[in-house]
Novice: 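Structure provided below as structure tokens; questions to follow.
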Amino acid sequence: MPISDSELINAWTQVLTLSQLKKGDNVTVLTSANTHPQTLSTAITAASLMGATVNRLDLLPVNGEKSLSRDSLAYLGTTPLTGNRSAIAALKESDLVLDLMTLLFSAEQHEVLKAGTKILLAVEPPEVLVRMVPTAQDKARVARAARKLEDAREMHITSAAGTDLRCPLGEYPAIQEYGFVDEPGKWDHWPSGFILTWPNEGKANGRIVIDQGDILLPQKSYASSAIELTVEAGFVTRIEGGLDAELLRDYMNSFDDPEAYAISHIGWGLQPRARWSTLSLYDREQTIGMDARAYEGNFLFSLGPNNEAGGSRTTACHIDIPLRGCTVRLDGEAVVKNGKVLDKEMA
Ligand code: FE
């Protein structure tokens with residue numbers, strides 16, 4: 001349903017306040033062919049009313065001819081910043097970048113963040129942004145989960161459907177996504193609300209069963225029957241099952257890149273205002289599936305790159321798969337049990 005401008009301006013004001021935007025800060029709003037006009041106009045209004053100096057930088061889309069999907073998260077590779085010295089300079093000089101186009105991870109984005117610029121991605125439709133406008137409580141919950149994850153040396157994931165995956169930890173940091181950017185050099189995504197890390201290089205082993213009803217992204221579909229992934233030394237070595245497995249195999253094969261099969265980020269959802277069922281109500285063109293990535297109690301794993309965490313794997317293929325009903329243990333202690341987050345005792 002539509003959202004009024006004033007509601008979206010209020011939501012932006014909350015996000016920008018949580019992001020500690022100050023009078024006189026320089027804000028660059030990044031746009032491209034797919035930027036939502038109301039999200040853009042309300043972002044500019046809210047930041048201007050708070051006294052920021054606001055510029056808009058429109059970048060040309062890339063990779064459209066290479067990607068098999070229209071989803072903006074489906075194909076990584078080069079970005080509109082690749083070789084774009086003047087745009088990089090503008091972003092490095094900004095205090096805050098509002099990414100309304102999906103810039104995605106790249107060496108250039110790391111360079112911008114290293115300069116102290118904060119980047120906030122916001123591309124879901126206005127009503128999704130307003131429903132999941134972040135709060136300080138969202139951050140507190142994600143931060144508590146991060147403290148647990150930072151101390152852990154192994155994540156063990158099991159489910160009644162047959163998942164049994166062991167991921168040694170410690171090589172990569174725990175990354176918090178809570179929907180606003182309150183530290184210099186921080187990247188975040190509105191809406192979100194989850195915690196993630198990467199398994200130690202080449203060390204994840206076991207099997208993952210994507211059960212009927214679990215969501216595949218960027219396919220933006222619910223699996224109609226189980227898909228079984230065999231994981232050996234950090235890579236998926238077999239994808240077995242019915243039609244959904246065949247579709248996944250064919251899509252991943254199209255990248256012709258063995259790195260696509262690496263286990264990428266692993267973590268769990270902590271956002272109570274995100275719902276597993278939302279994807280069934282939306283056209284695929286209308287959403288990138290953040291409800292699916294963030295809903296409370298999912299185990300979200302992915303296949304593909306690790307450059308977001310400082311690794312060297314930059315494959316263009318990136319699949320996110322949130323599973324329901326999993327138990328996630330850190331060094332033997334359950335933090336999610338059968339799809340329920342066990343963090344009340346830490347509140
Ligand atoms: Fe991902």
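First listed ligand is number 1; within each ligand, the first listed atom is number 1. Count residues from 1 along the sequence.
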Novice: Are Lys203 and Tyr172 in a cation-pi setup, meaning NZ or CZ lies under 6.0 angstrom from the ring centre and within 45 degrees of the ring axis?
Specialist: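 No.
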Novice: Quiz question: by atom type and distance under 3.5 Å, do the side chains of Asp5 and Thr42 form a donor-acceptor pair?
Specialist: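 No pair is found: no donor N or O on one side chain lies under 3.5 Å from an acceptor on the other.
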Novice: Passes salt bridge (Lys or Arg N to Asp or Glu O under 4.0 Å), Arg293 versus Glu177? Steps please.
Specialist: CA-CA 11 Å; Arg293 287 184 180 86; Glu177 290 193 22; over 6 Å; no
Novice: Can a donor-acceptor pair be found between the side chains of Gln219 and Asp244 at a distance below 3.5 Å?
Specialist: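 No, no side-chain donor-acceptor pair sits under 3.5 Å.
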Novice: Begin from the C-alpha positions of Arg131 and Asp291 and carry the test salt bridge (Lys or Arg N to Asp or Glu O under 4.0 Å) through to its verdict.
Specialist: CA-CA 10 Å; Arg131 169 163 49 88; Asp291 272 277; 2.8 Å; yes
Novice: Restricting to distances shorter than 2.8 Å, give the number of protein N, O or S atoms close to the Fe ion (ligand 1).
Specialist: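 There are 4 of them.
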Novice: Please say whether more than 12 non-hydrogen atoms of neighbouring residues, nucleotides or ligands are located less than 6.0 Å from CD in Glu127.
Specialist: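 Buried by this count: over 12 neighbours within 6.0 Å.
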